[in-house]
Engineer: 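I'd like to ask you about the structure that follows.
Chain letters run A, B, ... following the sequence lines, proteins first, then strands; residues in each count from 1.
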Amino acid sequence: MQNLLENLNSEQLAAVTLPDQSALILAGAGSGKTRVLTTRIAWLIQTGNLTPGGVLAVTFTNKAAREMLTRISAMLPISTRGMWVGTFHGLCNRFLRAHHRDAGLPQLFQILDSQDQQAAIKRLLKALNVDEEPREAQYFINAAKEEGKRAKDVEIGDEITRRKAEIYAAYDEQCQREGVVDFAELLLRTYEVLSRNEVLREHYRARFHHILVDEFQDTNRLQYRWLKLLAGPKNVMFAVGDDDQSIYRFRGANVGNMAEFERDFRVENVIRLEQNYRSQGNILSAANALIAHNKKRLGKNLWTSAGSGEPVRIYEAQSDAYEASWLTEEVQSLKRSGLRLAEIGVLYRSNAQSRIIEHALFSAGMPYRVYGGLRYFERMEIKHALAYLRLAANPDDDGAFLRVANFPARGIGARSLEALQDAAKAGGASLYKAASGLSGKAGASVAAFVRIVDSLKAETQQLPLPETVEVMLERSGLLAFYKAERDGADRVENLNELVNAAAAFINEAEEHDLSAFLAHASLESGENQAAEGTDALQLMTVHSAKGLEFSAVFATGLEEGLFPHEQSALEDDGLEEERRLMYVAITRARTRLYLCHAQTRMLHGQTRYNVASRFIDEIPQEVVKRLTPPMRSVAERGRFDDQAWAPAPEKAFKAKTAGHGFRIGQAVQHPKFGQGVIVNAEGSGTDARLQINFGKQGMKWLALEYAKLTAGS
DNA sequence: TAATTAGCAATTTTT
DNA sequence: TTGCTAATTA
């Protein structure tokens, strides 16, 4: 026991050893949050307060769940089998498999990931013959479900909402008919079962005496209600989170849950973990000063016992290309000084920004790895393979049927499928069932496909999972198809990898059947990119960097309009969320932090002229060091062009002037809006209008004749 | 049925 | 500018 609690600081210790009452732990970045969470579980068990089976611990990612289990196993000589540790979705899946009857689901229900859901919605809209944006409908449905609302519960304010609610109702019917559930449905269905079934509810309430939640600031309304329902009046909730790192509001995360939790659970103990074990002093000062600009906070200040360390470096580049090539050189010099590339993170606000950075890195022969984009189980060929497996498990899965009926091509065209869909609709049956009634030429090719599905189902019934996958790859013709393709080598490799994935799954998971594997594939989208053995620079968005840390961090593209993103200005509370995002970026760094911005940037095929992000100004001067002379205008820039800090220009900067003395890129002063940069110009003479980026004041079109503009400093 | 082309829009994305 | 979808053509 002494061992467990060794080396905890006093706040961590207090959190770990809290008495049996609900608590909120405000855990700052790098404050040992996971350690507290896992030690708390281990301590409860070791002191006899709790049996492993009484633990319910919820995370947002599979990675975090695995990490938690590993750490608990390392601390205690017990099996973690009986614990419920997992993601909200994973745990709900487990619950619904166990109680599928009560939930009104088939035993082998399938899980739709976002991609599958979108496809299902598209199919539905087509069948209903309504003209609606699938994305819109998907957003509407998920938002409603996350509010805990069924179609009938949606408040109908106007015609548009009424239409969407109708689509929602039809979508739910379709899912029910096909035996599939989407991500939000996993949660909502579980919530509904627990609400109406008192026996089950009491059973789980009696079982999970302690409920622990990680990343609590990211919970949505439904997840919070789910937790509340499960906790009941007696159980103990231990919620760990950081309101300053709440960056997923656009996905439904509701920071307000933290305050609500304090009230609902009459939390007496709000413990703040403010000692940071990651970053050096100046970096933390920058983070603290920045986030202090936010009004809606629970309040927290990070500190460290490490020294102040290096200053925060600010680099101003002439263009996005300069930024990228400077970054490349800087990384090279860091590498020479002994830093591993994997210890360096390059962060940006949006994925589009990676392109130019990649270009520079690639030209310099610098190994890098980009996170984000397609993941293993999201790849097209894997989706196809999974569709065959889904049909083997449940032939009535229309989504899977449509996906692969004619892939590889076997003469089932759009017309055949339409005929089939009509027949299915008329008979109220699945496509698979309707297929036997089809006659003529179309009937023959469809029948051939049905035979493939049937033989797959029959042959794999008794086979172990990896062999099932192998048989499927052969029988479906997928392997043969990609082998014949010119550039199919990667896809063939990915498909073969699926056999390994199945083998790995039966080694690790408790259940070995096909539908468990399919659920796994839906819930765990897999690695972001095949891990390379080589040491590589890490490129990612700030969002995907959350939870990670690097010795050195480059935060790039810190410009008004980009970061904070211009779209955020339209959203309520948008700027504060952008600032939290910046806070996340800063707190990823251990010893060295670079903040970079460029004066011009190619965006959507046009050169944009940007001023530095306000977030840079919100960092105290005492902790920063400017690597470039503070430059105010493009006009002045020439003087610095040949200085050592500037890499060789790739191409001359283009600026146009319309005969009135002002030119694009020039800094100007306006009596009301202050300093800005001319971004665009139109007309000439008395018609001349200038578009000026005033940073905080926004982008404005001003008539030259009336605007009292003077050249800026 | 497949392949080409025009048009369009363009944050962030744990499951 | 890019990458995706929808419409058009061989």
Engineer: Work out how far the C1' atom of B/dT12 is from that of C/dT5, and round it to whole angstrom.
Structural biologist: 23 Å

Engineer: When you check the phosphate oxygens OP1 and OP2 of B/dT13, does a side-chain N or O of A/Ser544 lie under 4.0 Å from one of them?
Structural biologist: yes

Engineer: Can you tell me how far apart CG (A/Leu361) and OH (A/Tyr368) are? Round to the nearest 0.5 Å.
Structural biologist: 6.5 Å

Engineer: Could you tell me whether the side chain of A/Arg251 has a donor or acceptor atom within less than 3.5 Å of a complementary atom in the base of B/dT15?
Structural biologist: yes

Engineer: Please report, rounded to the nearest Å, how far the C1' atom of C/dT5 is from the NZ atom of A/Lys126.
Structural biologist: 13 Å

Engineer: Would you say A/Asn351 places a side-chain N or O within less than 4.0 Å of OP1 or OP2 belonging to B/dT12?
Structural biologist: yes

Engineer: Flag the pair A/Asp116 and A/Lys383 as a salt bridge only when some basic side-chain nitrogen lies within less than 4.0 angstrom of an acidic carboxylate oxygen.
Structural biologist: yes

Engineer: Any side-chain N or O of A/Arg375 below 4.0 angstrom from OP1/OP2 of B/dT13?
Structural biologist: no

Engineer: If we require ring centres under 5.5 Å and near-parallel planes under 30°, does A/His543 stack on B/dT12?
Structural biologist: no

Engineer: Using the six-membered base ring of B/dT15, report whether A/Phe60 stacks on it, requiring centroids under 5.5 Å and planes under 30° apart.
Structural biologist: no

Engineer: Is a donor from one side chain sitting under 3.5 angstrom from an acceptor on the other, for A/Tyr609 and A/Gln599?
Structural biologist: no

Engineer: A/Arg249 side chain N/O closer than 4.0 Å to the phosphate oxygens (OP1, OP2) of B/dT12?
Structural biologist: no

Engineer: Looking at A/Asn62, I'd like to know whether one of its side-chain N or O atoms comes within less than 4.0 Å of OP1 or OP2 on B/dT14.
Structural biologist: no

Engineer: Are A/Glu146 and A/Arg251 close enough for a salt bridge, meaning some N to O gap below 4.0 Å?
Structural biologist: no

